[in-house]
Participant: 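Could you have a look at this structure, given as structure tokens, before my questions?
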Amino acid sequence: MAATRIDPQLVRQAMGEPQGGDQAVDRAAQTYRDMLGFLPPRVQARLHVTGALDPAILELQEKIRTHALSPACFDDKTVQLLVFGMLMAGLSDAATIHGIAARRAGASWEEMQAVVSLAYLFRGVSAANRGADVLAEIARREAEAPAQP
């Protein structure tokens, strides 16, 4: 199920201002935009909702995320392929997000299919079916994306 974008104003009215306001949200959001080219709707929701209700846990989540996605022993492409595979094996919607990040980090279609095939080995046909669907969705997004300068 695809997530829909929240209305930040509605969240502010119901739950309050995220700690640090829009500038804090924008700083955190930029790391996702750098990785993906956009801010996923569920991440946007977490930045606004958790930023207002429990800013300490949001800060910890983002520090752990940054640390885990930046190991010294792997390059960005390898990290994103690994995460894509883990999420694909779990049939997670988030596999698409990390598939996009893997492609932006330089992963080829052959590498992406190899990861889907590994997920199939341990998860079965549902991972193969979902993987083909995810790769087609990523290709669609790439075809619709404006040319990068």
Side-chain angles (χ1 to χ4, degrees), residues 1-8 10-11 18 20 22-149:
M1 173 200 237
T4 58
R5 294 239 171 248
I6 63 156
D7 177 348
L10 187 140
V11 171
D22 286 336
Q23 291 175 341
V25 170
D26 289 343
R27 275 192 306 276
Q30 189 59 45
T31 66
Y32 292 89
R33 289 186 186 105
D34 292 343
M35 181 177 72
L36 300 166
F38 65 97
L39 178 64
R42 291 178 183 154
V43 174
Q44 178 197 29
R46 183 172 55 85
L47 294 178
H48 284 275
V49 172
T50 308
L53 299 176
D54 192 350
I57 195 69
L58 177 62
E59 181 180 350
L60 291 167
Q61 290 167 350
E62 289 301 303
K63 282 183 181 181
I64 290 169
R65 175 187 161 270
T66 298
H67 177 77
L69 288 175
S70 303
C73 57
F74 294 130
D75 61 17
D76 288 342
K77 180 176 90 169
T78 302
V79 167
Q80 292 303 328
L81 284 169
L82 286 165
V83 175
F84 172 62
M86 291 174 207
L87 293 167
M88 185 56 56
L91 303 176
S92 172
D93 290 343
T96 302
I97 299 297
H98 288 279
I100 291 167
R103 289 283 295 159
R104 287 175 56 92
S108 68
W109 289 116
E110 180 182 16
E111 290 168 321
M112 299 291 286
Q113 179 57 54
V115 171
V116 169
S117 295
L118 287 167
Y120 158 77
L121 184 61
F122 294 97
R123 181 62 184 221
V125 174
S126 55
N129 290 343
R130 178 81 175 113
D133 186 57
V134 167
L135 295 186
E137 170 63 13
I138 294 169
R140 182 194 65 76
R141 286 175 178 249
E142 288 179 5
E144 291 177 355
Q148 300 289 327

Participant: Please answer whether the main-chain N or O of Ala107 pairs with a side-chain N or O of Arg103 as donor and acceptor at a distance below 3.5 Å.
Facilitator: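 Answer holds: yes.
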Participant: Please report the closest heavy-atom contact between Met35 and Ala101, naming both atoms and the distance.
Facilitator: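 Smallest heavy-atom distance, with atoms named: CG-CB, 3.7 Å.
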Participant: Distance from Thr4 atom OG1 to Arg42 atom CZ, nearest 0.5 Å?
Facilitator: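 One finds 9.0 Å between OG1 of Thr4 and CZ of Arg42.
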Participant: Which heavy-atom pair separates Val116 from Ala127 by the least distance, and what is that distance?
Facilitator: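 Reported closest heavy-atom pair: CG1-O, 3.9 Å.
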Participant: Would you say the side chain of Pro8 lies within less than 4.5 Å of the side chain of Gln44, judging by non-hydrogen atoms?
Facilitator: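 In contact.
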Participant: Could you tell me which residues satisfy side-chain contact (heavy atoms from CB on, under 4.5 Å) with Val115, sequence neighbours excluded, listed by chain and number?
Facilitator: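 Counting only residues at least two positions away or on another chain, Val115 forms a side-chain contact (heavy atoms from CB on, under 4.5 Å) with Leu81, Phe84.
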Participant: Could you report the tightest heavy-atom contact between Tyr32 and Pro40, atom names first, then the distance?
Facilitator: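 Here Tyr32 and Pro40 meet closest at CB-CD, 4.2 Å.
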Participant: Of all the heavy-atom pairs spanning Leu36 and Ile100, show the shortest one and how long it is.
Facilitator: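 Closest approach of Leu36 to Ile100: O-CG2, 3.8 Å.
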Participant: Could you give the distance from CD1 (Ile57) to CZ (Arg46), rounded to the nearest 0.5 Å?
Facilitator: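 Spacing of CD1 (Ile57) from CZ (Arg46) equals 10.0 Å.
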Participant: Donor-acceptor check, side chain of Thr66 to backbone of Lys63, threshold 3.5 angstrom: yes or no?
Facilitator: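 Checking the backbone N and O of Lys63 against the side chain of Thr66, no donor-acceptor pair under 3.5 Å is found.
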Participant: Under the salt bridge (charged side-chain N to carboxylate O under 4.0 Å, His left out) test, which residues partner Asp133, sequence neighbours left out?
Facilitator: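 Asp133: salt bridge (charged side-chain N to carboxylate O under 4.0 Å, His left out) contacts with Arg130.
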Participant: Where do Leu58 and Leu47 come nearest, in terms of heavy atoms and distance?
Facilitator: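 Minimum heavy-atom separation between Leu58 and Leu47: CD2-O, 3.7 Å.
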Participant: What's the separation between atom CG in Leu87 and atom CG in Leu82, rounded to the nearest 0.5 Å?
Facilitator: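 Taking CG in Leu87 and CG in Leu82, the distance rounds to 11.0 Å.
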Participant: Nearest 0.5 angstrom please: Gln80 CD to Ile97 CD1, how far?
Facilitator: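 Those atoms lie 10.5 Å apart.
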Participant: If you count every heavy atom of other residues, nucleotides or ligands that lies below 6.0 Å from Glu110 atom CD, does the total exceed 12?
Facilitator: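 Count not over threshold, so no.
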Participant: Applying salt bridge (charged side-chain N to carboxylate O under 4.0 Å, His left out), name anything that partners Arg141, two or more places apart in sequence or on another chain.
Facilitator: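 Expected list: Glu137.
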Participant: Between Val43 and Phe38, is the side-chain contact (heavy atoms from CB on, under 4.5 Å) condition met? List the steps.
Facilitator: CA-CA 10 Å; Val43 174; Phe38 65 97; over 6 Å; no
Participant: Looking at Met88 and Ala119, what are the two nearest heavy atoms and their distance?
Facilitator: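 Closest heavy-atom pair between Met88 and Ala119: CG-CB, 3.7 Å.
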Participant: Using side-chain heavy atoms (C-beta onward) and a distance below 4.5 Å, is Met86 in contact with His98?
Facilitator: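 Answer no - side chains too far apart.
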Participant: We want to know whether Gln30 and Asp34 form a side-chain donor-acceptor pair, criterion being a heavy-atom distance below 3.5 angstrom.
Facilitator: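 Yes, side-chain donor-acceptor contact under 3.5 Å.
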Participant: Let me know which of Asp7, Ile6, Leu53 forms a side chain to side chain contact (heavy atoms under 4.5 Å, CB included) with His48.
Facilitator: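 Between His48 and the candidates, side chain to side chain contact (heavy atoms under 4.5 Å, CB included) is satisfied uniquely by Ile6.
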Participant: Using only heavy-atom distances, determine whether the side chains of Ser117 and Gln113 contain a donor-acceptor pair under 3.5 Å.
Facilitator: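 Short answer, yes.
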